[in-house]
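Here's the structure, in structure tokens; my notes come after.
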Amino acid sequence: MSEHVTLTINGTAHELDVEPRTLLVHLLRDALDLTGTHVGCDTSQCGACTVLVDGRAIKSCAMLAVQAAGREITTIEHLGGDGLHPVQQAFWDKHGLQCGFCTPGMIMTTVDLLAENADPTEQEIRHALQGNMCRCTGYQNIVDSVKAAAAAMRDTTRSAPKKARAATT
Ligand code: FES
Ligand code: FES
């Protein structure tokens with residue numbers, strides 16, 4: 001029997017009937033066509049399916065869709081608005097991807113990390129990404145991408161108040 005749930009996905013409220021056994025990742029990919037969230041394993045180990053749930057990185061293959069009722073889900077499709085999010089830009093600039101299969105999950109985990117820690121050490125970055133696997137890059141370029149994203153986001157935060165002051169003078 002289906003359950004009726006309401007959840008907010010990428011800023012839009014959705015009312016859906018879902019089977020209680022449906023995983024969030026399958027709801028996103030199959031019902032809503034949000035295929036930027038990938039499935040790379042069936043053991044909740046690869047992290048390719050990572051999305052933000054109320055701002056925190058969650059493996060969407062490890063969460064039932066009904067558990068997401070009433071919560072805000074953000075997928076890679078919505079991260080940057082009309083352009084690239086600074087984390088996406090940094091992965092592009094620093095060659096933090098090759099085939100790109102792991103990249104949406106890496107990026108969502110990075111967004112969560114940088115929301116909590118604006119200036120992580122290399123060790124903290126590697127620790128945060130330990131639930132995300134990459135078969136291609138050897139990880140160093142991913143770590144470099146996260147460092148570059150952190151620096152860019154700190155710069156934006158520092159310059160924002162100055163711009164706001166300039167706009168009022
Ligand atoms: Fe591998 Fe979710 S698909 S952790
Ligand atoms: Fe291919 Fe990470 S870029 S799996």
Side-chain angles (χ1 to χ4, degrees), residues 5 7-14 16-69 71-117 120 124-150 152-153:
V5 295
L7 34 102
T8 302
I9 299 171
N10 295 338
T12 302
H14 292 266
L16 299 156
D17 293 317
V18 296
E19 295 277 330
R21 64 182 176 169
T22 302
L23 297 173
L24 178 58
V25 68
H26 291 141
L27 180 80
L28 294 172
R29 288 179 56 84
D30 301 339
L32 299 169
D33 211 20
L34 293 167
T35 53
T37 300
H38 294 162
V39 179
C41 71
D42 55 11
T43 51
S44 297
Q45 288 184 314
C46 76
C49 62
T50 304
V51 298
L52 299 179
V53 178
D54 294 337
R56 301 311 311 263
I58 299 283
K59 290 178 177 176
S60 60
C61 74
M63 185 177 207
L64 294 167
V66 292
Q67 291 176 300
R71 305 176 78 175
E72 296 218 10
I73 319 298
T74 305
T75 69
I76 192 74
E77 286 88 350
H78 191 65
L79 198 57
D82 290 335
L84 291 181
H85 184 280
V87 176
Q88 292 172 305
Q89 186 66 53
F91 271 69
W92 175 279
D93 292 341
K94 296 291 177 183
H95 307 287
L97 61 139
Q98 288 183 23
C99 80
F101 193 85
C102 70
T103 311
M106 290 284 181
I107 287 174
M108 301 315 264
T109 301
T110 300
V111 170
D112 183 6
L113 167 66
L114 298 184
E116 294 290 307
N117 180 356
E124 288 169 334
I125 293 168
R126 288 183 181 275
H127 180 74
L129 292 176
Q130 66 184 359
N132 294 75
M133 292 181 180
C134 178
R135 287 173 170 239
C136 306
T137 63
Y139 296 96
Q140 188 57 52
N141 284 3
I142 291 174
V143 172
D144 291 345
S145 301
V146 177
K147 287 182 190 169
M153 291 170 73

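Just the heavy atoms: all of them, side chains too, but no hydrogens, waters or symmetry mates, feed the values below.
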Exercise. Mind checking whether Leu7 and Leu27 have side chains closer than 4.5 Å, heavy atoms only?
Worked result: yes

Exercise. Mind checking whether His26 and Glu19 have side chains closer than 4.5 Å, heavy atoms only?
Worked result: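 Counting from C-beta outward, His26 and Glu19 never come under 4.5 Å.
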
For this session: Taking atom types as modelled, find out whether Asn10 and Glu77 have a side-chain donor-acceptor pair closer than 3.5 angstrom.
Result: no

Can you tell me how far apart [atom1] ([X]) and [atom2] ([Y]) are? Round to the nearest 0.5 Å.
{"X": "Ile142", "Y": "Arg126", "atom1": "CD1", "atom2": "CZ", "result": "9.5 Å"}
{"X": "Asp54", "Y": "Ile73", "atom1": "CG", "atom2": "CD1", "result": "7.0 Å"}
{"X": "Met133", "Y": "Cys102", "atom1": "CE", "atom2": "SG", "result": "11.5 Å"}
{"X": "His127", "Y": "Leu113", "atom1": "NE2", "atom2": "CG", "result": "10.0 Å"}
{"X": "Leu64", "Y": "Leu23", "atom1": "CG", "atom2": "CG", "result": "6.0 Å"}
{"X": "Ile125", "Y": "Asp144", "atom1": "CD1", "atom2": "CG", "result": "8.5 Å"}

Shortest non-hydrogen separation from [X] to [Y] and the atoms involved:
{"X": "Gly40", "Y": "Phe101", "answer": "CA-CE2, 3.7 Å"}
{"X": "Met108", "Y": "Leu79", "answer": "SD-CD2, 3.9 Å"}
{"X": "Gln88", "Y": "Gly83", "answer": "OE1-O, 4.3 Å"}
{"X": "Met63", "Y": "Arg71", "answer": "CE-NH1, 3.2 Å"}
{"X": "Pro104", "Y": "Gly100", "answer": "CD-O, 3.4 Å"}
{"X": "Met106", "Y": "Tyr139", "answer": "CE-CE2, 4.0 Å"}

Exercise. When you look at NZ of Lys94, are more than 12 heavy atoms from neighbouring residues, nucleotides or ligands closer to it than 6.0 Å?
Worked result: no

Exercise. Taking only residues two or more places apart in sequence or in another chain, which ones pass side-chain contact (heavy atoms from CB on, under 4.5 Å) with Asp112?
Worked result: Leu52, Arg56, Ala57, Glu116

Exercise. Is there a donor-acceptor pair closer than 3.5 Å between any side-chain N or O of Ser60 and the backbone N or O of Cys49?
Worked result: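 It does hold such a pair.
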
Problem set entry | Pairs involving residues 95-106, ordered by first then second residue, that meet side-chain hydrogen bond (donor to acceptor under 3.5 Å, both in side chains) (sequence neighbours left out) | none

